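Here the structure comes first, spelled out in structure tokens, and everything after it is commentary.
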Amino acid sequence: MGASLDLALRMTFQLRVCLVFATVRIVTLTDPSHPNQVILLDTTAVLGELGWMTYPVNGWDAITEMDEQNRPIHTFQVCHVMEPNQNNWLRSNWIPRQAAQKVYVELRFTLRDCNSIPWVSGTCKETFNLLYLESDEPHGPGARFHAADYGKIDTIAADESFTQTDLGDRVLRLNTEVREVGPIARKGFYLAFQDVGACIALVSVRVYYKKCPSTLRNLAAFPDTVPRMDSSSLVEVRGACVENAEERDTPKLYCGADGDWLVPLGRCVCSIGHEENDGLCLACRASFYKAFAGNIKCSKCPPHSFSHSEASALCHCEKGFYRAAKDPPTTACTRPPSSPRNLVYNINETTLLLEWDPPGDTGGRKDLTYNVVCRRCGGPGQPCDPCVSDVRFIPRPVGLTRTSVAVQDFMANANYTFQIEALNGVSGMGRAARQVANITISTEQAGPSLVGMVRRDWSSQNSIALSWQEADQPHAAILDYEIKYYEKEQEQLSYSSTRTKVPSAIVTGLKPSTVYIFHVRARTAAGYSSYSPKFEFSTGDEDSEEVSDQGQVLVIVTAAVGGFSLLVILTLFLLITGRCQWYIKSKLKSEDKRRTQYQNGHVPFPGIKTYVDPDTYEDPSQAVHDFAKEIDPSRIRIERVIGAGEFGEVCSGRLRTPGKKETPVAIKTLKGGYTERQRRDFLREASIMGQFDNPNIIRLEGVVTKSRPVMIVVEYMENGSLDSFLRKHDGHFTVIQLVGMLRGIASGMMYLSDIGYVHRDLAARNILVDDNLVCKVSDFGLSRVLEDDPEAAYTTTGGKIPIRWTAPEAIQYRKFSSASDVWSYGIVMWEVMSYGERPYWEMSNQDVILSIEEGYRLPAPMGCPVALHQLMLHCWQKERSQRPRFHDVVSFLDKLIRNPSSLLTLVEDVHSLPESPEDMPDYPLFISIGDWLDSIKMSQYKNNFIAAGYTTLDSISSMSIDDVRRIGVSLIGHQRRIVSSIQTLRLQLLHVQQSGFHV
Ligand code: ACK
């Protein structure tokens with residue numbers, strides 16, 4: 001009876017389990033798609049019999065039902081809750097582990113709580129055990145089952161047994177439990193489920209291991225990767241660029257223990273002719289192109305070009321259109337210009353000015369230049385010949401960028417034909433005819449040359465004496481002659497001129513053993529005549545006598561004609577020749593000095609007074625006396641010390657002038673115990689400054705030399721020196737205010753260059769600012785220091801050598817000129833626009849010299865209008881003759897001030913390429929972020945960049961100032977330096993990409 005009841009109960013219960021199971025509402029809590037899992041076993045996916053072993057055979061029941069789609073549902077059930085001491089085993093088939101080191105077992109099951117089953121207390125259990133056994137191969141069919149061989153993974157209990165529905169039903173709840181198994185060393189394993197008296201339905205068993213699934217990231221493909229067993233260490237995986245992509249930085253990902261990819265590094269970029277689309281590199285469509293590898297899109301072909309095929313790297317020019325060799329492939333195709341228009345001339349005795357308008361069609365280019373072809377024609381019907389070389393074109397006959405040229409030294413009463421040809425970078429390409437404008441001119445209006453043959457009477461190593469014949473019958477009285485001369489070798493660079501009222505002259509201050517070209521013209525009330533033809537004469541070598549014998553003979557003859565006794569003659573001879581020689585020598589010396597100052601065409605303008613170098617004075621105190629007023633010290637009231645000068649303190653104070661208001665002054669003092677030389681050097685500045693009279697040059701009030709302390713009194717400038725003033729007011733001024741300051745400095749420098757003074761130490765620290773922001777050039781001490789000490793430019797004594805402000809030719813071979821002052825002016829512009837930043841930052845002087853030599857130029861400061869940076873670059877032309885003059889600078893700045901909208905385009909707004917690659921200074925190329933930061937002395941931020949994921953130069957090129965702040969650069973000066981270098985780098989990268997190189 002007991003046994004039959006037991007059997008009946010068991011059957012009833014099994015039936016109920018089936019029924020209950022059939023009505024179970026399965027609540028699935030996991031995502032069915034698991035891309036990072038590799039399934040080793042899934043009982044829900046097995047179509048045929050599972051074939052699992054049960055022990056004893058009547059322990060676990062395998063029940064297979066069919067779902068709606070006729071797929072089997074394999075379930076294992078056990079429910080011997082009435083009987084004590086249950087030990088029922090269910091064992092899976094052998095499961096190969098494949099690549100797994102660690103596997104996961106996911107069980108889904110229902111488990112009834114014992115309270116829900118009547119009469120089972122004491123025997124009913126609510127857990128079962130999960131076990132496993134490793135082996136290299138499946139056990140044979142006859143192998144015996146040894147429970148003791150299995151290792152326990154865990155005891156599994158149900159989280160939920162039943163849940164109550166709204167209707168009060170109890171619904172059996174499906175549990176999901178996952179356990180990790182491993183490390184597994186053998187090739188496979190068995191799973192076993194040990195029941196000890198619970199009521200269980202095992203609905204599914206999934207066994208899987210985790211992997212990082214193959215993926216595409218940053219245009220690189222990464223393969224399936226199995227994580228390490230140790231969950232704290234990652235597997236580094238290198239990606240392979242997708243088709244039509246190429247590596248920038250090695251693409252890498254790290255595979256984490258959970259099958260997730262972490263820390264993407266490096267990347268690939270689409271190759272030329274391809275662009276990124278949905279993680280792949282697709283070919284550019286026809287009519288589009290991509291000339292450089294990178295993550296940029298294909299662009300439409302530039303104007304007048306086409307591409308018929310896909311994946312074009314380049315668009316070809318339409319017929320009749322071209323690209324110059326240096327044109328990047330991104331530019332439009334262009335054509336040669338049409339002819340210049342409206343060619344006219346204007347003749348003024350000795351100068352013929354040709355002027356024209358630019359061509360109606362520039363061909364789409366901005367690199368227009370003009371060539372002049374000159375032919376001289378005989379009378380009507382006579383042939384024309386090319387003009388011989390004595391016709392001079394100013395500035396030159398070819399490569400003109402302006403629409404005018406001056407012609408000099410042409411013959412009077414002749415017919416000339418001039419052809420002006422417009423050219424651009426693609427002239428000469430294709431077979432288009434040259435487009436020229438012609439004009440024929442008769443020069444009969446020009447004054448005839450009134451000077452005949454020019455003769456050399458004698459020469460020495462530094463001088464040449466000339467004389468010439470007057471025209472037989474000049475049509476008007478000759479007022480004077482002008483002798484123009486220049487070194488034959490340096491024709492285009494500079495010339496000098498001198499005047500004389502008589503038809504002879506001694507030209508002094510020449511270089512020994514040098515060939516000079518001379519020509520002479522006469523001035524009458526009607527103006528200048530034409531120049532005489534050119535004459536070539538050379539000076540003597542170093543060994544020749546200062547004055548030739550002829551000169552001495554002349555003196556002797558002069559003395560003899562006086563009729564004095566031999567003694568008197570001899571005495572006079574000695575006196576006169578001695579004195580003459582002293583006079584000639586000292587004149588030659590001062591002329592030579594002036595010559596070095598007026599190098600390179602910086603000839604003082606006629607009619608404007610010229611600067612006199614106090615060093616040419618035998619007695620320097622005479623120069624002070626000539627150029628500076630002596631002030632009675634009782635008129636000076638010193639108020640406070642405002643700084644330290646090279647020779648003593650600098651004070652502020654008041655200067656009383658009888659009958660006038662007191663004026664504020666700055667007083668430079670010479671400290672006690674000075675040597676005579678120090679006193680002379682100190683006062684030298686006053687004798688220089690005293691010669692200047694310009695609103696943008698610091699004004700000398702006077703000097704105190706007759707009592708102690710010796711003082712130089714100058715106007716007081718409320719805001720002190722410009723560099724510290726700007727640093728104090730960083731970011732406070734509008735661009736127009738800054739340009740106004742620059743204009744003032746340029747105007748002061750224009751004045752100095754006009755009178756022939758070369759400053760040599762133009763820098764923001766030597767500019768003073770008053771309370772109206774008027775800037776004045778000061779500090780006129782340096783020229784002497786450099787003059788006297790050939791080593792001075794290269795030593796580091798006292799930081800006196802302004803290497804970073806000085807033009808390369810002045811550093812290398814002391815070629816100081818107004819053109820080298822223009823270079824320094826460009827640096828001052830940079831200082832002003834960067835509010836007193838140190839030029840070239842902390843680079844060493846030696847590095848500055850080298851990088852300038854290699855073509856590096858300071859990048860635009862942040863917020864700097866393009867027009868101003870262009871002007872700076874212009875001032876830093878290596879070739880000094882190509883730098884602008886101060887006149888040009890002033891008129892350029894005036895134009896900007898009149899048209900402030902021209903200042904609106906800032907360098908950072910320019911994302912496109914410069915018009916032509918020549919406009920682009922050659923910056924050094926950096927290889928890594930580290931190199932780049934080192935070069936701008938910002939190495940301390942290397943980790944900030946790397947930590948924020950900026951690992952390539954490409955990646956930083958798009959950083960804004962906000963990005964720079966965000967990565968932890970908090971000092972404004974450093975932000976500014978980094979951002980301005982990024983702007984340069986951005987242009988540089990574009991430029992490099994355009995040249996077909998990859999950084
Ligand atoms: O930058 P600062 O205030 O301006 O400090 C230096 C200091 O003297 C040593 O040269 C200041 N300084 C020089 N000349 C003048 C001047 N004319 N007016 C006002 N400050 C001056 C300069």
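Counting convention: from 1, in listed order, for ligands and their atoms alike. Bear in mind the structure is a predicted one, so any value in this text is a computation, not a measurement. These values consider heavy atoms only, across backbone and side chains, with no hydrogens, waters or symmetry-generated copies.
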Please check if any side-chain donor atom of H759 sits under 3.5 Å from a side-chain acceptor atom of D779, or the reverse. no
Just jot down the ring-ring contact (aromatic ring centres under 6.0 Å, His included) partners of F725, sequence neighbours excluded, or say none. H729, F733
List in chain and number order the residues that pass side-chain contact (heavy atoms from CB on, under 4.5 Å) with N696, two or more places apart in sequence or in another chain; answer none if no residue qualifies. N694, S747, V774
Salt bridge flag under 4.0 Å for residues R883 and E809: yes
Across all chains, not counting sequence neighbours, the salt bridge (Lys or Arg N to Asp or Glu O under 4.0 Å) partners of K671 are none
Taking any residue with a non-hydrogen atom under 4.0 angstrom from an atom of ligand 1, which ones do you get? I642, G643, A644, V650, A666, V714, E715, Y716, M717, G720, S721, S724, L768
Any Lys/Arg nitrogen of D681 or R677 sitting under 4.0 Å from an Asp/Glu carboxylate oxygen of the other? yes
